[in-house]
Amino acid sequence: MNKKLQTKEVDKLFDAVLALETKEECCAFFEDLCTVGELLSMSQRLAVAQMLRQGRTYLEIAENTGASTATISRVNRSLAYGEDGYDIIFARLKDGN
């Protein structure tokens, strides 16, 4: 884990997320925790990552998600050099994407 993230508060946040049991609980927690903009940004990044994994072009991704090329590039860098978090999620999602 990134050393900047190694705090008691971040650890507690991750424990809280892992304690959620249903989509409804997850929705309630994240609605309380995040702004609408933050949630939309995170969901946009997930969509961008999925489309990058599908081999879509930056132009297609930008048109479909509204993401900037800077955001697409940042997500692409995470896919290439990150901690494989996106891959873990994609492998576990029901539709496999």
Side-chain angles (χ1 to χ4, degrees):
M1 181 189 314
N2 182 326
K3 291 202 185 289
K4 292 179 184 179
L5 295 177
Q6 292 178 341
T7 68
K8 289 186 290 184
E9 292 81 7
V10 171
D11 195 47
K12 188 164 205 106
L13 172 63
F14 293 159
D15 287 342
V17 171
L18 290 170
L20 298 168
E21 294 182 4
T22 65
K23 189 179 280 190
E24 290 77 20
E25 288 178 357
C26 192
C27 182
F29 178 69
F30 278 95
E31 280 191 40
D32 286 348
L33 182 67
C34 301
T35 66
V36 170
E38 289 167 336
L39 282 171
L40 292 175
S41 291
M42 287 188 284
S43 64
Q44 181 187 64
R45 288 184 204 120
L46 185 61
V48 167
Q50 184 175 21
M51 294 176 79
L52 285 166
R53 280 289 186 242
Q54 294 169 344
R56 308 279 287 278
T57 67
Y58 276 35
L59 181 60
E60 288 177 301
I61 296 167
E63 288 175 349
N64 283 289
T65 66
S68 69
T69 55
T71 295
I72 298 167
S73 180
R74 189 168 39 250
V75 171
N76 196 36
R77 192 169 38 256
S78 291
L79 288 169
Y81 305 109
E83 299 296 320
D84 298 325
Y86 285 114
D87 291 332
I88 292 166
I89 291 303
F90 294 147
R92 292 183 185 168
L93 289 175
K94 288 183 178 149
D95 63 2
N97 295 319

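Throughout, residue positions are numbered sequentially from 1 according to the sequence presented.
- Across every non-hydrogen atom of Met42 and Cys34, the tightest pair is CE-SG, 3.7 Å.
- Annotation: side chain of Lys12 is not in contact with side chain of Glu9 (no heavy-atom distance under 4.5 Å).
- Using a distance-only test at 3.5 Å, with no hydrogens or angles considered, a donor-acceptor pair links the side chain of Asn64 to the main chain of Glu60.
- With values rounded to the nearest 0.5 angstrom, Glu24 atom CD is found 10.0 Å from Cys26 atom SG.
- Taken from CG in Asp84 to CD1 in Ile89, the straight-line distance is 12.0 Å, to the nearest 0.5 Å.
- In this structure, Ser73 contributes its side chain and Thr69 its backbone to no donor-acceptor pair below 3.5 Å.
- Although no hydrogens or angles enter the test, the distance criterion places no donor-acceptor pair under 3.5 Å between the side chain of Glu31 and the main chain of Ala28.
- The shortest heavy-atom contact between Gly66 and Gln44 is C-NE2, 3.4 Å.
- For the atom pair Leu33 CG and Glu38 CD, the distance stands at 7.5 Å (nearest 0.5 Å).
- Nearest approach of Ala62 to Ile72, heavy atoms of both residues: N-CD1, 3.7 Å.
- Taking CG from Leu52 and CG from Leu79, the interatomic distance works out to 6.0 Å, rounded to the nearest 0.5 Å.
- Looking at Lys8 and Asp11, their side chains never come closer than 4.5 Å, going by heavy atoms from C-beta outward.
- Between Met51 and Ile61 the shortest heavy-atom distance is CB-CG1, 3.7 Å.
- Clustering ILVMFWY residues whenever any of their side-chain heavy atoms sit less than 4.5 angstrom apart, transitively, puts Val48 in a cluster other than the one holding Leu40.
- The minimum heavy-atom distance linking Thr71 with Arg45 is given by the pair CG2-CG, 4.2 Å.
- Hydrophobic clustering (ILVMFWY, side-chain heavy atoms < 4.5 Å, transitive): Ile88 and Leu93 are in distinct clusters.
- Across every non-hydrogen atom of Arg53 and Phe90, the tightest pair is CG-CE1, 4.0 Å.
- Within the model, atoms OG1 of Thr65 and CG of Leu46 stand 11.5 Å from one another, a figure rounded to the nearest 0.5 Å.
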